[in-house]
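Heads up, the thing below is written out as structure tokens.
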Amino acid sequence: MSTHKTRLAIFCSGSGSNFQAIFRALKKKQLNAEIVLCLSNRVECGAMEFARLNAIATVHLTEKQFDSLDDFAAAMLGSLTEQRIDIIVLAGYMRKVPDAVVTAFQDRIINIHPALLPKFGGEGMYGIYVHAAVLEAGETESGATVHLVNEEYDKGRILMQRHVPVLPDDTPETLAERVLACEHILYPDALEKILAEQQS
Ligand code: GAR
């Protein structure tokens, strides 16, 4: 068994509740990993605030700060290299990870999606839009999926899923709340499994 503590970067865009669930689970489950970087396209958001409060390094990066996507990807890779990141954890990151970063971190980027992929994934399917589409389709169950990230939106290999019921009087908001609560269990569980495989 490796003694190296796996170094995680969390990418977020919003409230960061999955980030917080993972942060707590790392301690509770005594996992051999630590969150050493929070990268966000938003300088002010719940996730960045939580990182600052917990003395986790933060990086604010958006495409708009650069002349080209290549420069943006190079800056992102620079931050990841500087922090010697092993695994990137996307937790409510509402941007596409540049292809150069996906290539450099092949099979080392994971994402959580708020539906049962391969259904209800792809470009434009994020946040509340996913839950609205699930209700529109008349599904009787939904859930969350943790998957590897490749160059295509939500198409990487599925690692773990967890199901929740869709209730007759659900709105996108009530369904979102139920799915988010299930994500907070699923993401730490999936991470635990990945770390066990990687460190064995
Ligand atoms: C989560 O429901 C996550 O699955 C979703 O955004 C929310 C972020 O919440 N991600 C996507 O839709 C990505 N396609 P959080 O910031 O509280 O973790």
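Counting convention: from 1, in listed order, for ligands and their atoms alike.
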Problem set entry | Distance in Å, Asn32 CG paired with Leu26 CG, rounded so as to fall on 0.5 Å steps | 10.0 Å

Exercise. How would you list, by chain and number, every residue that makes a side-chain contact (heavy atoms from CB on, under 4.5 Å) with Ala104, sequence neighbours excluded?
Worked result: Leu77

Exercise. Is the closest N or O pair between Tyr126 and ligand 1 shorter than 3.5 Å?
Worked result: no

For this session: Compute the minimum heavy-atom distance from Val130 to ligand 1 and say whether it is under 4.0 Å.
Result: no

For this session: Decide yes or no on side-chain contact (heavy atoms from CB on, under 4.5 Å) for Met94 and Asn41, but give the supporting numbers first.
Result: CA-CA 8 Å; Met94 302 305 183; Asn41 55 303; 5.6 Å; no

Exercise. Going by the order shown, which atoms of ligand 1 are within less than 4.0 Å of some heavy atom of Ser17?
Worked result: 15 (P), 16 (O), 17 (O), 18 (O)

Exercise. Cluster question for you: counting only ILVMFWY and a side-chain heavy-atom cut-off of under 4.5 Å, with indirect links fine, are Leu39 and Ile87 together?
Worked result: no

For this session: Report yes or no: do Ser142 and His131 form a side-chain donor-acceptor pair below 3.5 Å?
Result: no

Problem set entry | Shortest reach to atom 7 (C) of ligand 1 by a heavy atom, considering only Gly16, Gly92, Ser15 | Gly92

Exercise. Quick one: does Asn111 get an N or O within less than 3.5 Å of an N or O on ligand 1?
Worked result: no

Problem set entry | Val149/Tyr93 under side-chain contact (heavy atoms from CB on, under 4.5 Å): CA gap, chis, key distance, verdict | CA-CA 12 Å; Val149 172; Tyr93 184 61; over 6 Å; no

Problem set entry | Atoms in ligand 1 with a heavy atom of Ile112 nearer than 4.0 Å | 4 (O), 10 (N)

For this session: Specify the protein heavy atom at minimum distance from atom 12 (O) of ligand 1: its residue, its atom name, and the distance to 0.1 Å.
Result: Gly127 N, 2.9 Å

Exercise. Does a side-chain N-to-carboxylate-O contact under 4.0 Å join Asp86 and Lys5?
Worked result: no

Problem set entry | Atoms in ligand 1 with a heavy atom of Asn18 nearer than 4.0 Å | 1 (C), 18 (O)

Problem set entry | Taking atom 6 (O) of ligand 1 as the reference point, the nearest protein heavy atom with its distance | Met94 CE, 3.2 Å

For this session: Give yes if a backbone or side-chain nitrogen or oxygen of Glu183 is under 3.5 Å from a nitrogen or oxygen of ligand 1, and no if not.
Result: yes

